[in-house]
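Encoded as structure tokens, the structure appears first; notes follow it.
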Amino acid sequence: MNNKSTLITTALEETWDSSSNIVFLGEWCKLYSNKDILKDINHQTIPYHWSETGKLESDYLYLKELYEDLLRELSVNLNKLHKTNHSLRYWRILIGPWLYYFLHAIFDRWESVLSAKSMEDIDFAITIDCHSSKIISNDFSQFAKFLRSDYWNSYIFGLIISRYTNINVNKINIADIETVLPRPSINQISGSRRILYNILNIIVGLPLYLIGKFIAILSGEYAVKNKAFLLNTYLPKITEFAIQSFSGVIYFYKKIEFSPKKVSINTSMRKDLSTFSSGTDFEIFIRSIIPLHLPKVYLEAYSELVKTANLIYPKNIDLIWTSNSMYGNDFFKSWVANKVECNSKFYIGQHGGVYGLTKINSAQDHELSISDKYISWGWGAHRDDIVALGNFKKKRKIYFPYKRKNLLLVTANHPRYCTKIQSTPLSSQMLSEYDNHMLFYKNLSFDIRQKTIVRNDIREADWEVNSRWIDNFTNISIDYHSSSLELMASKSRCVVVAYNSTSYMEMFNSDVPTIIFWDSSTWQLTNSAFKNFSKLKKAGVFHTTPNSAAAHVNHIWGDELSWWKSDLVQSAVADFNNNYNKKVSNVVVSSLRVIANS
């Protein structure tokens, strides 16, 4: 009998050795579609390191400090290489998102390997290998896809294991790894939509531009003397055009004619990017691989990036507002970073429902650090750097023309591999999340189960969650996102949202009977949010276990409107909305005031 154990780091079956005992580094290695194969393999799975109580928070605080050190080092070296003298804030806007995603992801892979290192019976591991130049992403968007790739992760695991453990590593070289890694994509809108937007700019923008100029001369409450550029704010597109034109900016969308894919890797340049190696083993490791993984758009293609960005976007701007382009759009980030050094104001609008609510939110921390003002949905009104405007996100009204009979269960779905640290289930923890969703369903009465429709988040499909539901419940009704959430809600007597998200806030604002539940040990709340959720819990809206949520649905079913319209529930929901999900009576006027007061 063969007693040796092989460490498996990813779901790539070419790295599996079924002749030995297998140790899976995490649940991400085990695709649900391989469940029959796994039954015949002698294996064990290492517990996820961030399931340890308190570890996530302490690691996040440590990585926040390390991030600042690395950002300062990189900004100095990039200024030298590019012969520039940009501020730390400039580089924070441009490379900050990549750096903190990369740092969080590599630390997660590092800690996972350390968990395996402590096991004495692992003899060797099999990972993939390639030339280091072929694993470099073109830009942030492609890098974000790499984080979810089994090939990229296998390569990273192989580096860590071979350098910092005594486990023998058998590396499978893949010369043409570009063919299996996610392909790059250009950040631009389609040609037909670009033409439509430009026509709207002429029809809507030009008259408002002239009106704005006239009002500015008269000077009044709604006079906007700051030229504002709005991109992906979550306001309706025509509203963006209206506000922008009213402030004195007519902008026409242009086609992007640049791709860093065509730019060759400069090994000498990357060698010069290396920083001093000091600190812990992890700190030495992260500093050693940053030059090998920094996307080309920040190094070899940097000058073209800056040149192209300045051609795409307006020249003279006083204020820039976005809610979604501060991560994946490197052209926009480059332009914004340049503009803030020319004294333009940078406003960031709230991106989603968890902001202001979750204990750890790396996106929120980053966005607050790069913006002059943060436009929230209601929280943070006491802070000088936050404008508590309210939920300005474009909404679809929910009408109720149908006979409402269903229970709609809305669930979350996060990637197999951790991409950033936040107070949500990460990586392997998603399996416990799915168990809770199904436990909720099991505890519903038979009659309600017959009327339940499950709507799983399909943006991260690699956990194959719909297949899991079908295998566990043969008669389950699944909504495959063929209809909008608003339409599904309009056909439902009650909506149950099983994660902290925008979805339940949309239901609250539309006065739809709503129940929310999640595991508070992973979906951790801020101290300031605890009071509101305690009131929601007392009213039966919020639950911390699937059993409690199911019992409440069973109790109110058939008379859910009476429960929802009760003073206790309406008061709790109103208080929550006032602090985190405030209604905006007139989005255009309110937005103009924000810009006028900048």
Side-chain angles (χ1 to χ4, degrees), residues 208 212 215 220-249 317-327 332 336 340 344-358 361 363-397 500-511 526 528-529 532 573-598:
L208 285 169
I215 292 177
E221 181 184 1
Y222 304 124
V224 179
K225 296 181 181 179
N226 295 311
K227 289 185 176 181
F229 179 75
L230 286 72
L231 181 68
N232 295 328
T233 60
Y234 283 143
L235 296 169
K237 205 69 190 175
I238 198 163
T239 303
E240 280 188 2
F241 290 151
I243 293 171
Q244 192 167 273
S245 303
F246 196 72
S247 76
V249 177
I317 289 294
D318 299 308
L319 184 145
I320 303 160
W321 176 0
T322 188
S323 299
N324 197 31
S325 294
M326 57 282 184
Y327 290 98
F332 179 75
V336 169
V340 298
S344 296
K345 299 295 184 184
F346 185 32
Y347 282 20
I348 294 179
Q350 183 169 331
H351 176 74
V354 299
Y355 286 73
L357 294 171
T358 51
N361 189 331
Q364 178 180 306
D365 289 346
H366 172 69
E367 290 159 30
L368 285 168
S369 74
I370 63 173
S371 59
D372 292 289
K373 292 283 186 182
Y374 191 85
I375 305 171
S376 82
W377 291 0
W379 57 276
H382 62 286
R383 293 178 51 161
D384 292 337
D385 59 340
I386 295 177
V387 180
L389 178 63
N391 192 340
F392 53 85
K393 188 174 182 180
K394 180 182 178 182
K395 302 173 187 67
R396 296 175 182 171
K397 290 185 178 180
N500 198 351
S501 67
T502 309
S503 299
Y504 71 86
M505 294 188 179
E506 292 173 347
M507 299 301 106
F508 282 4
N509 269 342
S510 298
D511 204 25
T526 61
S528 57
N532 281 110
V573 171
D575 283 353
F576 175 87
N577 283 342
N578 188 53
N579 286 302
Y580 298 100
N581 188 34
K582 191 166 61 176
K583 286 187 178 181
V584 185
S585 57
N586 190 316
V587 174
V588 175
V589 172
S590 298
S591 300
L592 283 171
R593 282 176 179 158
V594 170
I595 294 169
N597 294 330
S598 62

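Worth saying up front: this structure is predicted, and the values here are computed from it rather than measured. Positions are given from 1, in the same order as the sequence printed here.
Listed by chain and number, the residues in a side chain to side chain contact (heavy atoms under 4.5 Å, CB included) with Asn579 are Asn532 (sequence neighbours excluded).
In this pair, Trp377 and Phe392 present their aromatic rings perpendicular. The plane angle is above 60°, beyond the 30 to 60° band.
For Gln364 against Gly356, the heavy-atom pair with the smallest separation is OE1-N, 2.7 Å. In terms of heavy-atom proximity, Gly352 sits nearest to Tyr355 at O-CD1, 3.4 Å. Residue Trp379 comes nearest to Ala388 through the heavy atom pair O-CB, 3.9 Å, listed as atom of the first residue, atom of the second, then distance. Listed here is the closest heavy atom pair of Glu240 and Tyr234: OE2-N, 4.2 Å. Summarising the geometry of Thr322 relative to Asn232, their closest heavy-atom pair is OG1-O, 3.6 Å, with the distance given to 0.1 Å. In plain terms, the two heavy atoms of Lys393 and Thr502 that are nearest each other are NZ-CG2, 4.1 Å.
Figure legend: cation-pi geometry between Lys373 and Tyr347 absent, as NZ or CZ is not positioned both under 6.0 Å from the six-membered ring centre and within 45° of its axis.
When side chains are defined from C-beta on, Leu235 counts as touching Ser591, because their heavy atoms get closer than 4.5 Å. The shortest side-chain heavy-atom distance between Gln244 and Thr233 does not fall under the 4.5 Å cut-off.
Here the straight-line distance linking atom CG of Asp372 with atom CG of Asp385 works out to 10.0 Å at 0.5 Å rounding.
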Practice task
Apply side-chain contact (heavy atoms from CB on, under 4.5 Å) to Leu357 and Phe576, showing your working.
Solution key: CA-CA 11 Å; Leu357 294 171; Phe576 175 87; 4.1 Å; yes

Practice task
Begin from the C-alpha positions of Lys345 and Asp318 and carry the test side-chain contact (heavy atoms from CB on, under 4.5 Å) through to its verdict.
Solution key: CA-CA 6 Å; Lys345 299 295 184 184; Asp318 299 308; over 6 Å; no

